[in-house]
Amino acid sequence: MPEKILVLGSNGQIGTELVNSLRKAYHNDNVVACDIRRPDYETLHAGPFEFVNVLDKDMLKDIYQKYQPTQVYLLAALLSATGEQNPKLAWDLNMNGLLNVLDFSLAYKTAKVYWPSSIAVFGPNSPKQQTPQFCTMDPNTVYGISKLAGERWCEYYHQKYQLDVRSIRYPGLISWKAAPGGGTTDYAIHIFHEALKKGSYSSFLSEGTELPMMYMEDAIRGTIELMDAPADKIHIRSSYNFAGLSFTPEMLADEIKKHIPHFHLKYASHDPRQAIADSWPASIDDQCAHQDWGWKPEFDLSKLTQDMISNLRK
Ligand code: AKB
């Protein structure tokens, strides 16, 4: 039986690239992009698109009924910074969206479900450096709280109902194709656009703020590798730690200066996103992902910077 894949929340930073990669692997007609907003022209015309609100159970039911998906990727979410502006909506979308998808995936016997978690599940009392897979987790953003609760639900549905649900704790994702979606790590994308446009950037995170990051190409490859791995290799059903690289704003600025020598980095003061960043890990220990399904990143800071700048210059 051919795969039929639903990507819910397909228009965001991850969905835009994931849909393209899945369509290359599984053929355009078998990957259904679903969002509450119309996608760009290219995505709209490359394969099926459906308007779907993951909080609307009738709409979701219709889509499961129509496509009988073998795989579902749920990407619709409010991220850390926008979540703090609207905590109740963030909780509703991030939690009830997940529960709806877990329930319909069980009801329609979906073979595999993917749901992203985040480094936001960690908090001020989690170890900062090389944060392990299992440790104290005391997130203090509504986004982090919803992701940690979501991880517990994923594991629960796997243990109780044998649903094959898989997840990754994404670090900040850096990409040039689609705009970032309201996160704390977004500065690491804005900086490239402003460097090329103005030659300077005012960072909302302060000097010395080291955060885990990853290039989107690595993140998409890792996500598909996790979904392609045999089920008996997936020992973690909450969510896997997933590492690429870690850097501070000044480390990134120094790398950008190798391509744009006049680039100047400034710092904005008193941004609420600083407190969020300060509660997150600086680096991640992802040996479980490495051991269980062979995860290995390919992009270091120099390769990432080079690729971002050459693509944004086109
Ligand atoms: C955010 O900054 O909110 C996201 C994330 C790390 O999950 N990029």
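Order of listing sets the numbers, starting from 1, for every ligand and every atom in it.
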note = Ala179 and Gln13 have their tightest heavy-atom pair at O-CB, 3.5 Å
note = Nearest heavy-atom approach of Phe51 to Arg37 is CE2-C, 4.1 Å
inquiry  = Main chain of Ile63, side chain of Glu50: is a donor-acceptor contact present, judged purely on distance under 3.5 Å?
reply    = no
For [X], atoms of ligand 1 separated by under 4.0 Å from a heavy atom:
X      : value
Trp280 : 1 (C), 2 (O), 3 (O), 6 (C)
Leu79  : 3 (O)
Thr184 : 1 (C), 2 (O), 3 (O)
Ser80  : 1 (C), 2 (O), 3 (O)

ask   = Which heavy atom of the protein is the closest neighbour of atom 5 (C) of ligand 1, given with residue, atom name and distance?
value = Ser118 OG, 3.5 Å
note = Nearest non-hydrogen protein atom to atom 8 (N) of ligand 1, with distance, is Thr185 OG1, 2.9 Å
Contact (N/O only, under 3.5 Å) between Tyr143 and ligand 1 = yes
key: Short N-O contact, Arg221 and Glu225, less than 4.0 angstrom   = yes
message = Salt bridge or not between Glu151 and Arg237? Use side-chain N to carboxylate O under 4.0 Å.
response = no
message = Can you classify the ring geometry of Tyr187 versus Phe204 as parallel (below 30°), tilted (30 to 60°) or perpendicular (above 60°)?
response = perpendicular
